[in-house]
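Okay, structure first, notes after.
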Amino acid sequence: PLAAPRNSMLPSVMDFPLFALFPSVCDEETDDWTHGLTRIVNYLYQDYVYAHPRRLLTFISNHDTCRFSNNMEQIRNTVRYKQALTLLLTLRGIPQLYYGDEIAMYGTKDNMDIGQRHDFPGGFEGDNVNVFLNYNMTDYMHEYLTFTRKILNWRKRKDINSTIAFGKTVQFNARYGVYVYARILGDTMLTFMINGTWKDVDLPLNIFHEVLPKNQAYEMLSDRFLDFSKDTLHFNPRDIFILEWR
């Protein structure tokens with residue numbers, strides 16, 4: 001067999017340990033020690049066991065697992081999917097997306113795997129919903145698809161994709177339930193801040209100065225600039241900030 005080129009980004013192995021963390025990460029309240037997003041922090045500290053962590057194939061669901069959303073109750077918690085997808089597309093590794101998650105499909109492995117392998121709505125005879133034609137879609141389907149498109153279109157920018165695919169990770173232990181990490185490649189830094197609680201948080205910024213290089217950053221999801229010249233930054237419950245330093 002041919003050996004992969006030294007700098008190849010071909011997947012080396014599927015990251016099942018990370019996959020197994022995602023439900024707890026997004027369902028629990030984050031604390032400073034063991035729960036919620038702290039599980040990601042503690043797991044990434046163990047990346048030294050992999051020869052090439054950035055080549056790991058990362059995923060939140062696939063055809064052999066339950067979908068990330070098992071039921072309608074989880075679908076209604078839209079920020080659950082948004083935080084999981086943000087992590088998937090900004091942490092190290094090669095992300096794999098499973099069809100239908102982006103339109104709020106849900107299911108489990110019950111009944112011979114049929115539960116997570118439903119037909120994609122649109123193009124099959126008798127379909128009452130057609131995603132390709134934007135016909136009869138629910139509000140949840142629109143919200144999931146809009147968020148997925150936004151973050152994927154951002155990720156496919158050459159500078160963004162290179163930084164996430166090849167850059168180093170700097171992360172901090174969760175403080176006040178907020179997980180802060182950055183991806184850095186050369187002079188480009190992307191900083192991510194995720195509130196893993198259902199509380200309002202005023203986060204002290206002094207300990208994160210290493211990944212907050214300027215007094216102002218562009219926040220991609222909300223299309224606005226955030227002020228980092230003050231001592232604290234306010235987070236609404238389960239807020240996600242994706243920051244570019246322009």
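All values below were derived from every heavy atom in this structure, side-chain atoms included, with hydrogens, water molecules and symmetry-related copies excluded.
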Please name the pair of heavy atoms, one in Gln171 and one in Ile40, separated by the smallest distance, quoted to 0.1 Å. OE1-O, 4.4 Å
State plainly whether one hydrophobic cluster holds both Leu97 and Leu87, where clusters connect Ile, Leu, Val, Met, Phe, Trp and Tyr through side-chain heavy atoms under 4.5 angstrom apart. yes
Please determine if Asp101 and Arg67 form a salt bridge, counting it only when a charged side-chain N lies under 4.0 Å from a carboxylate O. yes
Is the shortest side-chain N to carboxylate O distance from Asp64 to Arg117 below 4.0 Å? yes
Does Tyr176 share a hydrophobic cluster with Ile194, counting links as ILVMFWY side-chain heavy atoms below 4.5 Å and allowing steps through other members? no
For Asn215, is the CG atom crowded, meaning more than 12 foreign heavy atoms sit under 6.0 Å from it? yes
Search all heavy atoms of Tyr106 against all heavy atoms of Met72 and return the closest pair with its distance. CE2-SD, 3.7 Å
Run the salt-bridge test on Arg238 and Glu29 with the 4.0 Å N-O cut-off and return the result as yes or no. yes
Would Trp245 and Thr191 count as having a side-chain donor-acceptor pair, cut-off 3.5 Å? yes
Within the supplied structure, the quantity of interest is the number of heavy atoms (other residues, nucleotides, ligands) at a distance under 6.0 Å from Glu210 CD; does it exceed 12? no
Which atoms form the tightest heavy-atom contact between Gly122 and Phe132, and what is the distance? O-CE1, 3.3 Å
If you measure from the Lys or Arg side-chain nitrogens to the Asp or Glu carboxylate oxygens, is any gap between Lys214 and Glu244 under 4.0 Å? no
Is it possible for you to say whether Val180 and Leu190 belong to one hydrophobic cluster, with membership spreading through side-chain heavy-atom contacts below 4.5 Å? no
Please name the pair of heavy atoms, one in Arg92 and one in Leu56, separated by the smallest distance, quoted to 0.1 Å. NH2-CD1, 3.3 Å
Kindly assign one of parallel, tilted or perpendicular to the pair Phe120 and Tyr99, based on the angle between their ring planes and the thresholds 30° and 60°. tilted
Parallel, tilted or perpendicular, judged at 30° and 60°: which one describes the rings of Trp154 and Phe192? perpendicular
Would you tell me whether Arg183 and Thr169 have side-chain atoms, one donor and one acceptor, within less than 3.5 Å of each other? yes
Within a radius of less than 6.0 Å around NZ of Lys168, do more than 12 heavy atoms belonging to other residues, nucleotides or ligands occur? no
Polar side-chain atom of Asn62 near backbone of Tyr98 as donor-acceptor pair, under 3.5 Å: no
